[in-house]
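Just below is one structure, and these are the notes that go with it.
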Amino acid sequence: MPELPEVETIRRGISPWLLNRTVTQVIVRQDRLRWPVPPDLESCLIGRPFTAVMRRAKYLLLKNAAGWLLIHLGMSGTLRILESTAGVTLHDHVDLLLDNRRCLRLNDPRRFGAVLWVDGSPEEHPLLAHLGPEPFSEAFDGALLYARSRGRALAVKNFIMDQRIVVGVGNIYASEALFRAGIHPARPAGRISRARYDALAVAVREVLSAAIEAGGTSLRDFTNEHGRPGYFSQQLLVYGKKGQACVQCGAVIRCEVIGQRSSYFCPHCQR
DNA sequence: CTTTACGCCTGACGGC
DNA sequence: TGCCGTCAGGCGTAAA
């Protein structure tokens, strides 16, 4: 599933195809996603061109004159731009047919994703209201991580994956950022120094921006808007590398479950 | 308030 | 070959 770099890659890819285009038809083949797809979605979309294609955290936000179409890709969702609505395959749940004859298609085998309609300010929507800062915003830095972590005992990996602390960091990039910062993923968040959180904030930004540059990480089913994979998997240093040699010290990379999620780290470089 | 566990779903993979 | 258990990029919710 897409973390922030994958969602941002999708956003950049679909944006030119959607901006100033109007939806002519909505096809919902399966409305049982994480929440039901609104039955009146077509009436919200038809006749009003998209005026912005934005991202907040891992949510895509498509704006028109009436409100916002909110899309989340869950664990296995993909969005593609197609020539037409032909060639329907398994798990092609939602199509938006556009007035340039293109089709924006959501495919999501596990159906943890969501397609919702938001009228009013999306920042006030319950799903978005309590999100932390964007990792590339000025509000996100070591001072924020340090302040928010005081007195908290949970593992730092779970702390930085909490979307109320900072958005966009999922299981892959949490492991990668902690390796780059030299911090053990199971270390209690409240027992990490300000200086180390400064390094972690930098590492989070670096790993996310490098992944965006590469067009996302290709693992299992992530592909961009044309169905092509991203290339950041070639730059992963610890994720999925259990049993392999650490690129920095040669120690054996380990994998342990922390907070119900597989966590990869170098036991020598990360403390 | 914090922290943990679980459930939602399907598909791929490894072991037997 | 088939069956079964495990695991997978997220996140809301319930419970302690």
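The figures that follow rest on heavy atoms only: side chains count, while hydrogens, waters and symmetry mates do not. By convention in this document, chain letters (A, B, ...) are assigned in the order of the sequence lines, proteins followed by strands, and residues within each chain are numbered from 1. Keep in mind that this is a model prediction, so the values were computed, not measured.
Side-chain nitrogen and oxygen atoms of A/His91 include at least one within less than 4.0 Å of the OP1 or OP2 phosphate oxygen of B/dG11. Contact annotation: A/Arg111 does not reach the phosphate of B/dC8 (side-chain N/O to OP1 or OP2, under 4.0 Å). The phosphate of C/dC11 has OP1 or OP2 within less than 4.0 Å of a side-chain N or O from A/His72. Under 4.0 angstrom from either OP1 or OP2 of C/dA8 there lies at least one side-chain N or O belonging to A/Ser262.
Rounded to whole angstrom, the span from the CD atom of A/Glu3 across to the C1' atom of C/dC11 amounts to 13 Å. Look at CG on A/Leu33: it is 12 Å from P on B/dT10, rounded to the nearest Å. For the pair A/Arg261 CZ and B/dC6 P, the computed distance is 15 Å after rounding to whole Å. Whole-Å rounding puts the A/Arg110 CZ to B/dT10 P distance at 10 Å. Here C/dC11 presents its C1' atom at 11 Å from CG of A/Leu131, a figure rounded to the nearest Å. For the pair A/Asp162 CG and C/dT13 C1', the interatomic distance rounds to 14 Å; values are reported in whole Å. Put simply, CD on A/Gln30 is 9 Å from P on B/dT10, counting in whole angstrom units. A straight line from OH of A/Tyr173 to P of C/dG10 spans 10 Å, rounded to a whole angstrom.
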Which nucleotides of DNA chain B pair, in dot-bracket form (Watson-Crick or G-U under 3.5 Å, | meaning another strand): .|||||||.|||||||

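Residues in residues 151-170 of chain A take part in these side chain to side chain donor-acceptor pair (under 3.5 Å) pairs, two or more places apart or across chains: A/Lys157-A/Asn171, A/Lys157-A/Ser263, A/Asp162-A/Arg164.
A perpendicular orientation is assigned to the rings of A/Tyr59 and A/His72, their planes being inclined by more than 60° (bins at 30° and 60°). Using cut-offs of 30° and 60° for the angle between ring planes, the A/Tyr197 and A/Tyr146 rings count as perpendicular.
The local environment of CZ in A/Arg32 is sparse, with at most 12 non-hydrogen atoms from other residues, nucleotides or ligands closer than 6.0 Å.
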Distance-only check: which donor-acceptor pairs under 3.5 Å involve side-chain atoms of residues 14-22 of chain A, not counting sequence neighbours?
from: A/Arg21; atom 1: NE; to: A/Asp99; atom 2: OD1; distance (Å): 3.0
from: A/Arg21; atom 1: NH2; to: A/Asp99; atom 2: OD1; distance (Å): 3.3

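The shortest side-chain heavy-atom distance between A/Arg12 and A/Ile212 falls under the 4.5 Å cut-off.
Rounded to a whole angstrom, the distance from the P atom of C/dC3 to that of B/dC9 is 24 Å. If you take atom P in C/dG12 and the same atom in B/dG11, they sit 24 Å apart, rounded to whole Å. Spacing between B/dA5 and C/dC7 at atom P, rounded to whole Å, works out to 15 Å.
Residues A/Leu90 and A/Arg34 both approach DNA chain B. Their nearest nucleotides, taken by heavy-atom distance, put A/Arg34 toward the 5′ side. Nearest-nucleotide positions on DNA chain C place A/Gln260 closer to the 5' end than the other of A/Tyr59 and A/Gln260.
A/Phe112 qualifies as a stacking partner of the B/dC8 base, centre to centre under 5.5 Å and near-parallel within 30°.
Atom CG of residue A/Leu237 and atom CD1 of residue A/Ile253 lie 8.5 Å apart, to the nearest 0.5 angstrom.
In this structure, the side chain of A/Arg101 does not engage the main chain of A/Leu97 through any donor-acceptor pair within 3.5 Å.
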